[in-house]
Number of protein chains: 2
Amino acid sequence: MLKLSKKADYGLMALQYIASVQYGDVARARIVNTKEIAEEYHIPLELLAKVLQTLAKQGIVESQNGPKGGYLLARHAKHITIAQVLEAIEGPLGIADCYHDKDSSACLQREHCNIRTPLLKVQSSIYQLLNSMTVEDMMGGTPLITVQSITTAEGVAR
Amino acid sequence: MLKLSKKADYGLMALQYIASVQYGDVARARIVNTKEIAEEYHIPLELLAKVLQTLAKQGIVESQNGPKGGYLLARHAKHITIAQVLEAIEGPLGIADCYHDKDSSACLQREHCNIRTPLLKVQSSIYQLLNSMTVEDMMGGTPLITVQSITTAEGVAR
DNA sequence: CTGATCGCCGATCAAAAAGGTCGCACTCAC
DNA sequence: GTGAGTGCGACCTTTTTGATCGGCGATCAG
């Protein structure tokens, strides 16, 4: 339940990797290609390629063709949120369809729907949470995170 | 993305309905059967039945067979959290498999996984959010729901 | 110019999950 | 005891996801 898809996982891993190569060591900053990432994380090459293409099309990363080509972050890691990445890969995120559907005919339960309001609150909180965390946060020097950090997260949503 | 399944939706709606029949008007408290709920919300009867069966097996509701049979909440609505319901219907909730997998062999990326820690934090936050909201919270006196009620909804959980 | 190396795009296929349906088994009212 | 009204469990169909293949265009080194 609420599980991320493989594509989303791969996308996040790739972005984290690209970011750390780009920012990690100033002297060795370089462009990174799909094959390198795929081998590093044992991800099927073609699938990762497709994910990166999608991210490129959505303006999250920039691609460079030819030999010595590869990918770069389109903007600073600090300004790429998890929510943006997930939406780029898997479309608009919402706990239920009825919060962004164009045709209202979709939901037969809508007229008497009793869970719409409470769920909307949940959705907002999750979205806010995902939107408050960036790619930069993923690479930061936070090696270990304990259960107690929930408190921190709670503060975020309010 | 992060969308709830139909079964989860149906389950939550049904619980809300059962709860309001059970607690709403003390004089008219009664047992409620699957058919009634299915018709009220235009849900496929058999599917809703299966969801309720699952909830019964997980101890969220109690079933009563025979004519005049139906379902009752197994405990007070105040003590049934959204997280419990979702987990009962769709299995353990986790943003990625690797947080509750028995066999560590599943995740090939695990050794070099760089997004594990940050995602764990996200997951904890979401879990806590879902676990802090109960069925009782869902039945509160919000009869009609407009788009503007987002503000109201936000207030509900506090 | 030419070849090697890359990203780009579309089509295809298999596996898994979700959604929905069917017949059987139990229970209670009469 | 009987049958209508239940819950119950196995089953099938559709959709989504994950993964793979083949060909194309761009770019750079030599």
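Note that the structure is a prediction, hence the values are computed from the model and not measured. Reminder, nothing fancy here: chain letters follow the sequence lines and each chain counts from 1.
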Integer-rounded Å distance: C:dC26 C1' and B:K68 NZ: 19 Å
Atom pair distance, as rounded to whole Å: CD in A:Q64 and P in C:dC8: 11 Å
Toward the 5' end of DNA chain D, by each residue's nearest nucleotide, B:P67 or A:N65: B:P67
B:E36 and B:Y17 side chains, donor-acceptor separation under 3.5 Å: yes
Side-chain (B:Q84) to main-chain (B:T81) donor-acceptor, under 3.5 angstrom: yes
Side chain A:Y41, main chain A:A14, donor-acceptor under 3.5 Å: no
Outermost nucleotides of DNA chain D that come under 4.0 Å of a non-hydrogen atom of chain A: D:dG18 to D:dC28
OP1 or OP2 of C:dG7 under 4.0 Å from side-chain N/O of A:T34: yes
Contact pattern, 5' to 3', of nucleotides 18-25 of chain C - B, S or - by protein heavy atom under 4.0 Å: -SBBB---
Heavy-atom neighbours of B:H76 NE2 exceed 12 at 6.0 Å: yes
Show me, pair by pair, the donor-acceptor contacts under 3.5 angstrom made by side chains of residues 58-74 of chain B, not counting sequence neighbours?
none

Which residues share a salt bridge (charged side-chain N to carboxylate O under 4.0 Å, His left out) with A:R75, sequence neighbours left out: none
Sequence-distant partners of A:E40, salt bridge (charged side-chain N to carboxylate O under 4.0 Å, His left out), two or more places apart: none
Connected-component partners of A:L45 among ILVMFWY, side-chain separation under 4.5 Å: none
